[in-house]
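Take a look at the structure below.
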Amino acid sequence: MSQDLYRDITDLAHDSPGWLQLVAELWTEAGLLLFGVLFVAGWWRARPADSRAMALAVLAPLGTAFGYVVSELLKSVVDEERPCRAVAGAAASIVECPPHGDWSFPSNHSAIAGAAAVALALAWRGIVWLTVPMAVLMAFSRVFVGVHYPHDVAAGLVLGALAAVLFVKLLTGPTRSLADTMRMSRSALATWLAGPGPAVPDHAVSRRRREPMHRRV
């Protein structure tokens with residue numbers, strides 16, 4: 001079934017206007033660059049926020065990298081041939097078919113896109129309307145240009161997203177503590193990277209809440 005859907009999509013791509021083919025070809029790589037810009041914007045946005053927000057912003061690109069590593073490890077085990085070489089009767093791929101040994105399952109681009117979309121949404125919830133469509137379009141473009149099966153990109157999206165969520169959830173606490181430490185550091189670089197934080201530091205707010213009322217008077 002995945003082969004039939006691959007043929008349908010690549011036939012559509014082959015019959016589509018040249019400008020659309022070019023957009024799809026560019027988007028498979030340009031989408032990664034746009035995610036990179038969003039990582040930087042998310043970090044900058046978190047600089048005046050609390051330490052948890054900073055931790056999530058820092059973990060977003062790291063979680064995405066983790067999603068890629070998990071995808072690459074699985075790819076080295078499965079060894080699925082690229083459809084542009086394996087599917088008989090399919091339209092020629094828009095981009096050059098990757099060499100033998102650069103396996104198809106799962107799609108690394110889709111894993112990165114899925115991980116980035118979810119990790120950014122965890123750090124910056126208001127941006128989910130942008131990151132999820134970006135990830136889906138990037139995954140689809142990999143089939144459209146002819147270098148992946150539909151099941152490759154679907155698995156990549158899910159795998160990347162799950163890997164990123166697990167990575168962020170496990171490391172939010174330690175990274176939050178690190179952000180607090182950097183914000184109290186005497187190093188100008190450390191304090192700039194971690195940002196100034198809110199007007200009242202997290203640890204000061206927590207300590208104030210624990211203090212008895214007579215000590216506040």
> Is a donor on one side and an acceptor on the other found under 3.5 Å between the side chain of Ser107 and the backbone of Ser110?
Replying inline: yes

> How is the hydrophobic cluster of Leu26 composed, in terms of its other members, when Ile, Leu, Val, Met, Phe, Trp and Tyr link through side-chain heavy atoms under 4.5 Å apart, directly or indirectly?
Replying inline: Leu22

> So do Leu62 and Leu171 actually touch side chain to side chain, heavy atoms under 4.5 Å?
Replying inline: no

> Does Arg7 reach the main-chain N or O of Ala88 with its side chain, forming a donor-acceptor pair under 3.5 Å?
Replying inline: yes

>> To the closest 0.5 Å, what do you measure between OG1 (Thr191) and CZ (Arg186)?
In response: 12.5 Å

>> Checking Met54 against Met182 for the side chain to side chain contact (heavy atoms under 4.5 Å, CB included) test, could you report, in this order, the C-alpha distance in whole Å, the side-chain angles of both residues, the deciding distance, and whether it holds?
In response: CA-CA 11 Å; Met54 175 54 71; Met182 291 177 67; over 6 Å; no

> Under a single-linkage definition using a 4.5 Å side-chain heavy-atom cutoff for Ile, Leu, Val, Met, Phe, Trp and Tyr, are Leu122 and Phe167 assigned to the same hydrophobic cluster?
Replying inline: yes

> Taking all atoms of both residues into account, what is the closest heavy-atom pair of Phe66 and Ala163, and its distance?
Replying inline: CD2-O, 3.5 Å

> Distance-only, no hydrogens or angles: does the Tyr6 side chain make a donor-acceptor pair with backbone N or O of Gly146 under 3.5 Å?
Replying inline: yes

> What pair of heavy atoms forms the shortest contact from Thr10 to Ala91, and how long is it?
Replying inline: O-CB, 3.7 Å

> Side chains of Thr64 and Phe35: does their closest heavy-atom pair fall under 4.5 Å?
Replying inline: no

> For Leu5 and Ile9, what are the C-alpha separation, side-chain angles and deciding distance, and is it a side chain to side chain contact (heavy atoms under 4.5 Å, CB included)?
Replying inline: CA-CA 6 Å; Leu5 186 54; Ile9 295 174; 4.0 Å; yes

> Between Trp44 and Pro48, which heavy-atom pair has the shortest distance, and what is it?
Replying inline: O-CD, 3.7 Å

> Side-chain contact, heavy-atom cut-off 4.5 Å: Pro83 with Ser104?
Replying inline: yes

>> Considering only residues two or more places apart or on different chains, which pairs with a residue in residues 17-43 satisfy side chain to side chain donor-acceptor pair (under 3.5 Å)?
In response: Glu29-His109

>> In this structure, would Leu178 and Leu189 fall into the same cluster of hydrophobic residues linked by side-chain contacts under 4.5 Å?
In response: yes

> Charged N to carboxylate O under 4.0 angstrom, Arg183 versus Asp180?
Replying inline: no

> For Asp102, does its backbone N or O pair with a side-chain atom of Arg82 as donor and acceptor, under 3.5 Å?
Replying inline: yes

> Mind checking whether Val147 and Pro98 have side chains closer than 4.5 Å, heavy atoms only?
Replying inline: yes

> Measuring from Asp15:CG to Leu20:CG, what's the distance to the nearest 0.5 Å?
Replying inline: 11.5 Å

> Which heavy atom in Val58 sits nearest to a heavy atom in Pro61, and how many Å separate them?
Replying inline: O-CD, 3.2 Å

> Are the side chain of Lys75 and the backbone N or O of Phe105 linked by a donor-acceptor pair below 3.5 Å?
Replying inline: no

>> Please tell me whether Val95 and Val23 are part of a single hydrophobic cluster in this structure, the criterion being side-chain heavy atoms less than 4.5 Å apart.
In response: yes

>> Students often mix this up, so state it plainly: with edges at 30° and 60°, are the rings of Phe144 and Phe140 parallel, tilted or perpendicular?
In response: tilted

>> Taking the side chain as everything from C-beta on, heavy atoms only, tell me whether Met138 gets closer than 4.5 Å to Leu32.
In response: yes

> Is Arg142 salt-bridged to Asp152, going by a charged N under 4.0 Å from an acidic O?
Replying inline: no

> Just by distance, do the side chain of Arg47 and the backbone of Trp192 share a donor-acceptor pair under 3.5 Å?
Replying inline: yes

>> So Asp8 and Leu12, do their side chains get closer than 4.5 Å, heavy atoms only?
In response: no

> What is the minimum heavy-atom distance between Ala53 and Ala46, and which atoms define it?
Replying inline: O-CB, 3.7 Å

>> Using the rule that Ile, Leu, Val, Met, Phe, Trp and Tyr join whenever any side-chain heavy atoms are under 4.5 Å apart, tell me whether Leu130 and Leu56 fall into a single cluster.
In response: no

>> The criterion is salt bridge (Lys or Arg N to Asp or Glu O under 4.0 Å); which residues satisfy it with Glu80, sequence neighbours excluded?
In response: none

>> Show, in sequence, the C-alpha distance, side-chain angles and deciding distance for Met134 and Leu38, and conclude whether the side chain to side chain contact (heavy atoms under 4.5 Å, CB included) test is met.
In response: CA-CA 12 Å; Met134 279 177 57; Leu38 292 176; 4.1 Å; yes

>> Using the rule that Ile, Leu, Val, Met, Phe, Trp and Tyr join whenever any side-chain heavy atoms are under 4.5 Å apart, tell me whether Tyr68 and Val153 fall into a single cluster.
In response: no

>> Show the nearest heavy-atom pair for residues Leu120 and Ile127, with the distance to one decimal.
In response: O-CG2, 4.1 Å

